[in-house]
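Here the structure is a predicted model, which is why all the values come from computation and not from measurement. Letters A, B, ... mirror the listed sequences (proteins, then strands); counts begin at 1.
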Number of protein chains: 2
Amino acid sequence: MPDQKRVTIKDVARETGLAMSTVSNALAGKDLVKPKTRAFVVETAERLGYRASIVARSLRAQRSYAIGVLIEDVSNPSASAFVRGVEDVANSVGCTLLLADTDSDLERQVMAMRTLIDRQVDGLVLISQHLDDSRVREMLTAGTPSVLVQRRDPRLPLDYVGSDNTGGVIEALRYISRIGHKRVGFVTGPIHSSSVLERLETFQATAAELGFEDPESLIHEGRYSFGSGLEAAGFFSGLRTPPTCILASNDMNAIGLMQGLSERGMATPRDVSVVGLDDIDLAGFKAIDLTTVRLEKRAIGAEAARLLLRRVDEPDRPAESSILPTRLIVRGTTAPLT
Amino acid sequence: MPDQKRVTIKDVARETGLAMSTVSNALAGKDLVKPKTRAFVVETAERLGYRASIVARSLRAQRSYAIGVLIEDVSNPSASAFVRGVEDVANSVGCTLLLADTDSDLERQVMAMRTLIDRQVDGLVLISQHLDDSRVREMLTAGTPSVLVQRRDPRLPLDYVGSDNTGGVIEALRYISRIGHKRVGFVTGPIHSSSVLERLETFQATAAELGFEDPESLIHEGRYSFGSGLEAAGFFSGLRTPPTCILASNDMNAIGLMQGLSERGMATPRDVSVVGLDDIDLAGFKAIDLTTVRLEKRAIGAEAARLLLRRVDEPDRPAESSILPTRLIVRGTTAPLT
DNA sequence: TTGTATGCGTTATCAG
DNA sequence: CTGATAACGCATACAA
């Protein structure tokens, strides 16, 4: 049980009677060693239970083959799918994930970023985070490749991956309009996010285009949470003329919204239609059955990892944006206006 | 942008005119250096933007200040809360989380364990994993401290953290009995898990004690998933005399079960009461409103990290088990038998 | 094709 | 109290 001494390359060298460098080369699969030697080395290494130390390799290579992921809360179903996507790609090239939750707290984020950078991660994936702090901006431009997910920032020359917010909102609103709604509410997410801004602007423009009634008065600033949905229900139900359909900031928000409306005697979709944005697993369950704009989060995470790895190899290529399509999934929380 | 050269302890030493070792000691806060020197060093280090390399430190210390977490799927809401708990404690002592998803695939798990061990993680937290493979068992007993979560194994001398499966099932069944049910169904989880076995045995014993009707015929082997719940609905609804109440393997399973039952014209709780096990966020939403046995997953994760860290310091203490209490949360999916 | 020597950045040991 | 040196394990440049 007392950690038996580590078997190192040196041990394998001694055992085979070869030099450390030969063993290293053999194990690395370089064609500098003759097949027979390599086979012998490999076999011996295996026999001795040799395992290369990634720590030592990292120090030597000045690269850790690890990717840091910053997320608000992994246990939030609206966010964790991104992580899977990042991991899918990272693993495929031998990278490990270092995970840090920030709970949207700036100081936690700063500390987490420092730690990850001190660990010399090959790169950082930022999933919806604070970008306005000077310490954050400094770290983001200090050499560690970083990619922004779902929140872009024109001031930062970084790769970005997000979803087609404009297209998603347009598709949803057109559908809503098509089934007869004219008074349509909109719950924003946290306004510091570029995705939220894009959606808001699209809502305003499209609402005008489709001739919705008084859209400005039907915009409610919210967050990506169940609780915020509950609050929004209070707002909308308190209006003199409530909307007949509401586009929520995300699925969790939509679910809270529906619960809040229901508590006030407004049933979905009988009295109010509701549209989400996410398509979390939950949205597909019959008990919820939420009409929503699907975001391909796992794909977004994967794309983020791809951009990041590319940047590790070519640090000087210009910043790139990758926008993944969205798709409206019509389910049971929307009904034609009668 | 080309990664400006790293500022090392050597640079700080040169700049201050002191020796590397003195700088190291000063920065480490040892009382070997006189306060004035320390202040000078700290100030200079800060000015130069010095950041200690955790990689180098890890190589030197043969310890990475990182904890590996193996989980089936972080994006599964029934599991991710454990991760948060582990992280809470890990972060509080300066450890970072290395995350690996296995998708319940043995080979993926073996690879992930190898990688994590090669990275010299201080310890491993295994959340519901395969333990029956010889390679896994070997790694688990080869020196890297490990703690088992939700699945214990008497053959493995490892720390274990789980919830009070026995108490939870008893509390649920007593409540079910109290509101008049006599025919009670039970969906197991995957039978290789000790938690599942404990629950099953408790179900059998308690069902007998409470005088339930023909309990053995009302046991269905399932998994922890929505899909398995759907299947279970098929099983139970096909019985000559279906149960009036069903205890599901977990919340997701319960939700699938309810959906499946509903598709077959059986409403919850009108026709069948359903009890879950987990208390995921979702369970509290009005649209679901699931009666369930709450597992304190974040607390379990935290406890796992605590045991692990203790074992890192004292590798030779005997293996320990920590069982956290459960609690029945009565909501709307259970109703008295009429 | 194989061997030797060196450095990645830290910290511990030991000498001054 | 401070300084010099070695070692953690690997991979590379260069020599043989």
Side-chain angles (χ1 to χ4, degrees), chain A residues 3-42 44-45 48-66 94 115 117-122 143, chain B residues 3-42 44-45 48-66 94 115 117-122 143:
Chain A
D3 327 31
Q4 49 265 39
K5 225 179 207 59
R6 215 187 155 73
V7 178
T8 75
I9 235 178
K10 197 185 252 169
D11 298 313
V12 180
R14 183 166 345 103
E15 183 76 10
T16 55
L18 294 163
M20 279 170 56
S21 56
T22 306
V23 173
S24 175
N25 283 329
L27 260 19
K30 304 237 171 130
D31 40 349
L32 305 163
V33 297
K34 95 176 125 188
K36 214 173 128 191
T37 313
R38 182 195 341 287
F40 179 47
V41 169
V42 169
T44 310
L48 297 183
Y50 168 77
R51 301 250 81 209
S53 158
I54 301 187
V55 173
R57 175 178 299 164
S58 299
L59 178 60
R60 167 69 222 220
Q62 294 294 61
R63 177 177 184 335
S64 64
Y65 300 91
T115 304
I117 292 172
D118 289 350
R119 283 182 182 274
Q120 283 162 269
V121 290
D122 295 348
Chain B
D3 327 33
Q4 50 266 44
K5 228 180 204 59
R6 218 190 153 70
V7 178
T8 75
I9 240 179
K10 199 184 250 169
D11 299 314
V12 180
R14 182 166 345 103
E15 182 77 9
T16 55
L18 294 164
M20 280 168 54
S21 51
T22 305
V23 173
S24 174
N25 284 329
L27 258 20
K30 304 231 172 137
D31 40 348
L32 304 162
V33 296
K34 107 176 114 184
K36 216 173 127 190
T37 313
R38 188 205 323 297
F40 179 47
V41 169
V42 168
T44 309
L48 297 184
Y50 168 76
R51 302 250 79 209
S53 157
I54 301 186
V55 174
R57 176 178 298 164
S58 297
L59 178 60
R60 169 68 221 212
Q62 293 293 63
R63 178 179 184 330
S64 64
Y65 299 92
T115 303
I117 291 172
D118 289 350
R119 283 184 183 273
Q120 281 160 274
V121 291
D122 294 350

(message) Tell me the interatomic distance from D118(A), atom CG, to dG9(C), atom C1', rounded to whole angstroms.
(response)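 Rounding to the nearest Å, CG of D118(A) and C1' of dG9(C) are 13 Å apart.
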
(message) Measure CZ/R63(A) against C1'/dA11(D) and give the value in whole Å, please.
(response)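 One finds 15 Å between C1' of dA11(D) and CZ of R63(A), rounded.
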
(request) Not counting sequence neighbours, list each pair that qualifies as a side chain to side chain donor-acceptor pair (under 3.5 Å) and has a residue in residues 53-66 of chain A. (result)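 Qualifying pairs, neighbours excluded: S53(A)-Q120(B), Q62(A)-Q120(A), R63(A)-D122(A).
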
(request) Any pair with a residue in residues 12-29 of chain A that passes salt bridge (charged side-chain N to carboxylate O under 4.0 Å, His left out), sequence neighbours left out, goes on the list, sorted by first then second residue, please. (result)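 Passing the test, one end in residues 12-29 of chain A: D11(A)-R14(A), E15(A)-R47(A).
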
Distance-only donor-acceptor hits, side chain of residues 22-30 of chain A, under 3.5 Å, sequence neighbours excluded:
from	atom 1	to	atom 2	distance (Å)
N25(A)	ND2	S21(A)	O	3.3

(request) Tell me, please, which residues at least two apart from R119(A) pass side-chain hydrogen bond (donor to acceptor under 3.5 Å, both in side chains). (result)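 side-chain hydrogen bond (donor to acceptor under 3.5 Å, both in side chains) list for R119(A), sorted by chain: T96(B).
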
(message) Based on the rotation axes of five pairs at each end, what angle does the helix from dT1(C)-dA16(D) to dG16(C)-dC1(D) bend through, to 10°?
(response)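 Both end axes considered, the difference amounts to 40°.
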
Short heteroatom pairs, N/O only, protein and nucleotides 13-16 of chain C, under 3.5 Å:
none

(message) Quick check for you: to the nearest 0.5 Å, what is the distance between L48(B) atom CG and T8(B) atom OG1?
(response)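 L48(B) CG to T8(B) OG1: 10.0 Å, rounded to 0.5 Å.
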
(request) Please examine the side chains of V33(A) and V41(A), heavy atoms only from C-beta on, and report whether any two atoms are closer than 4.5 Å. (result)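 Counting from C-beta outward, V41(A) and V33(A) never come under 4.5 Å.
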
For nucleotides 6-9 of chain D, print each protein N/O atom paired with a nucleotide N/O atom at under 3.5 Å, atom names and distance only.
from	atom 1	to	atom 2	distance (Å)
dA7(D)	N3	R60(B)	NH1	3.4
dC8(D)	O3'	Q62(B)	NE2	3.0
dC8(D)	O2	R60(B)	N	3.4
dG9(D)	OP1	Q62(B)	NE2	2.7
dG9(D)	N2	A56(A)	O	3.4

(message) Strictly distance-based, threshold 3.5 Å: is any side-chain N or O of R6(B) a donor or acceptor partner for the main-chain N or O of R51(B)?
(response)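 Looks like yes, one N/O pair under 3.5 Å.
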
(request) Can you sort out which residues in residues 31-42 of chain B have a heavy atom within less than 4.0 Å of DNA chain D? Ascending by number, please. (result)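 Going residue by residue through residues 31-42 of chain B, the ones with a heavy atom under 4.0 Å of DNA chain D turn out to be L32(B), V33(B), K34(B), T37(B).
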
